[in-house]
Amino acid sequence: MNKYLQILIKNVRKQLEAWLNNKERIQEKELYRFLHSIVGTASTIGFHKGGEIAQKLMSQLDENDEKDWLKEDLQDFLFPLISIFYYEEISNINE
């Protein structure tokens, strides 16, 4: 597996775990920036499926919104992204 893809997956998982394990609320603009960085990085390294999912999720957000997401709502919203970064691609990573 591409080392840049491994780094992306590791970084995405780290951020998701920080949000879902430690924070009660996540700001929408923080979520937007996170998805935006995935879109750019995933397309650059050829992980198109991950980039497409992040783009679809990002299109449902407003970069300037002050909304706070509860971690339960965030987990539901990000489920497609979580699925690809934890389940579909995990079998290809040698940790």
Side-chain angles (χ1 to χ4, degrees):
M1 174 183 282
N2 178 320
K3 79 174 186 174
Y4 297 109
L5 179 55
Q6 287 180 325
I7 292 168
L8 174 64
I9 290 172
K10 179 182 173 188
N11 290 339
V12 167
R13 289 175 61 181
K14 182 179 176 182
Q15 181 63 64
L16 290 171
E17 288 169 10
W19 281 344
L20 300 175
N21 293 328
N22 301 321
K23 291 180 92 175
E24 287 301 315
R25 297 180 181 274
I26 295 88
Q27 290 185 338
E28 183 156 324
K29 56 186 165 186
E30 185 179 0
L31 176 57
Y32 184 93
R33 285 192 302 267
F34 170 68
L35 292 171
H36 186 269
S37 71
I38 293 172
V39 170
T41 304
S43 341
T44 302
I45 64 173
F47 184 38
H48 301 292
K49 191 171 185 180
E52 289 169 9
I53 291 171
Q55 179 64 49
K56 286 178 187 174
L57 293 172
M58 193 175 77
S59 71
Q60 299 174 46
L61 302 175
D62 179 354
E63 179 180 14
N64 300 312
D65 199 332
E66 296 295 324
K67 174 183 174 181
D68 283 339
W69 287 71
L70 295 174
K71 65 181 174 181
E72 294 80 16
D73 296 331
L74 181 68
Q75 187 170 356
D76 291 342
F77 177 72
L78 291 178
F79 183 76
L81 193 71
I82 292 168
S83 294
I84 193 155
F85 277 92
Y86 277 87
Y87 303 112
E88 290 188 31
E89 293 300 320
I90 193 69
S91 61
N92 294 320
I93 298 178
N94 298 322
E95 295 202 65

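Keep in mind that the numbers below use all heavy atoms, side chains included, and drop hydrogens, waters and symmetry copies.
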*Asks:* How long is the span from the NZ atom in K49 to the CG atom in L81, to the nearest 0.5 Å?
*Replies:*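 Answer rounded to 0.5 Å: 12.0 Å.
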*Asks:* Could you give the distance from OG (S59) to OH (Y32), rounded to the nearest 0.5 Å?
*Replies:*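 If I round to the nearest 0.5 Å, the distance is 9.0 Å.
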*Asks:* Kindly indicate whether the side chain of F34, heavy atoms from C-beta on, has any atom under 4.5 Å from the side chain of L16.
*Replies:*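 With C-beta onward as the side chain, the pair touches.
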*Asks:* Would you find a donor on one side and an acceptor on the other, under 3.5 Å apart, between the side chain of E28 and the backbone of D62?
*Replies:*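 The answer is yes, because a donor-acceptor pair under 3.5 Å joins these two groups.
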*Asks:* Is the shortest side-chain heavy-atom distance between L8 and F85 below 4.5 Å?
*Replies:*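 Yes. Closest side-chain heavy atoms under 4.5 Å.
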*Asks:* Any heavy-atom pair between the side chains of F47 and N2 that's under 4.5 Å?
*Replies:*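 No. Closest side-chain heavy atoms not under 4.5 Å.
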*Asks:* Salt bridge or not for E66 and K29, using N-O below 4.0 Å?
*Replies:*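 The answer is yes: the pair qualifies as a salt bridge.
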*Asks:* Could you check whether any side-chain heavy atom of W19 comes within less than 4.5 Å of a side-chain heavy atom of K71, counting everything from C-beta outward?
*Replies:*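 No, too far: nothing below the 4.5 Å cut-off.
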*Asks:* Same hydrophobic cluster for Y86 and I7, using side-chain heavy-atom links shorter than 4.5 Å among ILVMFWY?
*Replies:*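 Y86 and I7: separate clusters.
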*Asks:* Looking at Q75, E24, R25, which hits side-chain contact (heavy atoms from CB on, under 4.5 Å) with L70?
*Replies:*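 Of Q75, E24, R25, side-chain contact (heavy atoms from CB on, under 4.5 Å) with L70 is met by R25 alone.
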*Asks:* For a side-chain contact (heavy atoms from CB on, under 4.5 Å) check, start with the C-alpha distance between T41 and Y4, then their side-chain angles and the critical distance, and finish with the verdict.
*Replies:* CA-CA 9 Å; T41 304; Y4 297 109; over 6 Å; no
*Asks:* Stepwise, does the side-chain contact (heavy atoms from CB on, under 4.5 Å) test hold for L35 with L78?
*Replies:* CA-CA 10 Å; L35 292 171; L78 291 178; 4.1 Å; yes
*Asks:* Kindly say whether E17 contributes a backbone atom to a donor-acceptor pair with the side chain of N21 at under 3.5 angstrom?
*Replies:*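 Present.
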